[in-house]
Amino acid sequence: MSPFEISLEAALIEREQMQRYRQRMTLTSPQSTRVRVGDKDLLSFASNDYLGLANHPDIITAFQQAAETRGVGSGASHLVCGHSDYHHQLEEALAKFTGRDRALLFSTGYMANLGVISAFVNRKDTIWEDKWNHASLLDAAHLSRAKLKRFRHNDCSMLERELLKDGSNSNRRFIVVDGVFSMDGDLAPLTKLSTLAEQHDAILMVDDAHGFGVLGEHGGGCAQLCKLNQQQLPLLVGTLGKAFGTFGAFVAGSNTVIESLIQLARPYIYTTALPPAVAAASLKSLSLLQSESWRREQLHARIAQFRDGAEAMGLHLMDSTTPIQPLLVGHDADVLAIAKQLNDKGFMVGAIRPPTVPEGTARLRITFSAGHSEEDVARLLLALDQVIPSDLRRHL
Ligand SMILES: *Cc1c(COP(=O)(O)O)cnc(C)c1O
């Protein structure tokens, strides 16, 4: 081994000793509430496919038909020659869906966040981010070289004090949050944040990766739920790989914002466009997600069923009304052991450890889908009752 590899090996061993080693499972089934891993069938409560659309027959057909007529690869970036009619139609449909002038597709949510922040924020600016924001938002702030300030989770008073303290030192000021926090499932106080942004001359950006499709009357996410228009929330990011069940991401905003991103956002300019068939699949998914609200109703009924059952068992639930329902465990080794026991019983549940979450807050990340039946949730509750030790419960 080279000295380089020896040092890498040492770091890998250290990670393993800390119970932080991450491993991939290889699925041989579609993404669904039932998945096959190796020779085992598992009931999954781990994916972000909240509406059960990732394997929907109409979306598969839309994908196949577009692949028949447009092929597979998009061939280039959007600005060179990779922008197809399907991309264009999807952008128009997303603009209408979000009530914005326009929407712009990105290849992933990670890149959309890097794109927006690196395009609009620079060294003379300050960016305030919630401590629990998604990694891509923090990485984006580093890329922008702006002054990054992280405020305590959902603490608007701390943010306000910081904004006041900053005075007019910064050129532009940005407030950036997740709409739904991905490892906790709680919501950002968007109404309050938009008021703060207005009062303190800051620009609000929300990454609503987990809200679109799930929240709001027609699945329009946090912005729809809190009724925030384009002026109040000028930079709105959504992803297509979660409730939409497909792949990709978008930014929705004013004509000027979108036109500026096309000119300036390097993760937009210097990357190959999504395959057109993926855009066609997302178009179908968007139409199902808007018109068939029974999926959202079913999903929220399952979430309520889980919370009632878990409450009755004395489990410590978090303050979440979304499909992300974490159970706090604490130690990394403990969460791994519990996830392993659940796996032995035929369940797939995510064991989330630092650095994804703060030290000492390792957790089971249980997620729900409209594809889960009442019986699926009952089975999960029964299994949790068997594997969650009493010291992790309230005494009833
Ligand atoms: C998943 C996620 C992203 C990244 O989106 P991808 O399309 O998977 O790259 C960004 N932000 C949040 C909050 C997410 O949960």
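Only this structure's heavy atoms are used, side chains among them; waters, hydrogens and symmetry mates stay out. Counting starts at 1 for both ligands and their atoms, following the listed order.
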Any side-chain heavy-atom pair of Thr272 and Ser107 under 4.5 Å: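 A side-chain contact under 4.5 Å is absent here.
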
Check: Arg379 and Phe347 side chains under 4.5 Å, non-hydrogen atoms: yes

Plane angle bin for His87 and His83 - parallel if under 30°, tilted between 30 and 60°, otherwise perpendicular: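 His83 vs His87 ring planes: parallel.
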
Mutual orientation of the aromatic rings belonging to Trp132 and His153 [parallel < 30°, tilted 30-60°, perpendicular > 60°]: parallel

Atom indices of ligand 1, in the order listed, that fall short of 4.0 Å to a heavy atom of [X]:
X: Gly109; result: 4 (C), 5 (O), 6 (P), 7 (O), 9 (O)
X: Ser182; result: 15 (O)
X: His210; result: 14 (C), 15 (O)

Under-4.0 Å heavy-atom contact with ligand 1, by part of Thr108 that carries it: both

Ala249 and ligand 1 - part of the residue with a heavy-atom distance under 4.0 Å: neither

Pairs where residues 58-74 contributes a residue and the test side chain to side chain donor-acceptor pair (under 3.5 Å) is met, not counting sequence neighbours: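 Every pair satisfying side chain to side chain donor-acceptor pair (under 3.5 Å) with a residue in residues 58-74: Arg70-Asp85.
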
Nearest protein heavy atom with distance in Å, relative to atom 4 (C) of ligand 1: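 Atom 4 (C) of ligand 1 sits closest to the protein heavy atom Tyr110 N, 3.6 Å.
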
Protein residue, atom and distance nearest to atom 8 (O) of ligand 1, heavy-atom basis: Lys242 NZ, 4.3 Å

Qualifying ring-ring contact (aromatic ring centres under 6.0 Å, His included) pairs, either residue in residues 250-283, two or more places apart: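 Output for this query lists His78-Tyr268, Phe106-Tyr268, Phe212-Phe250.
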
Polar contact flag for Asp207 and ligand 1 (N/O pairs, less than 3.5 Å):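 Looking only at distances, the answer is yes, because the N/O contact criterion of under 3.5 Å is met.
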
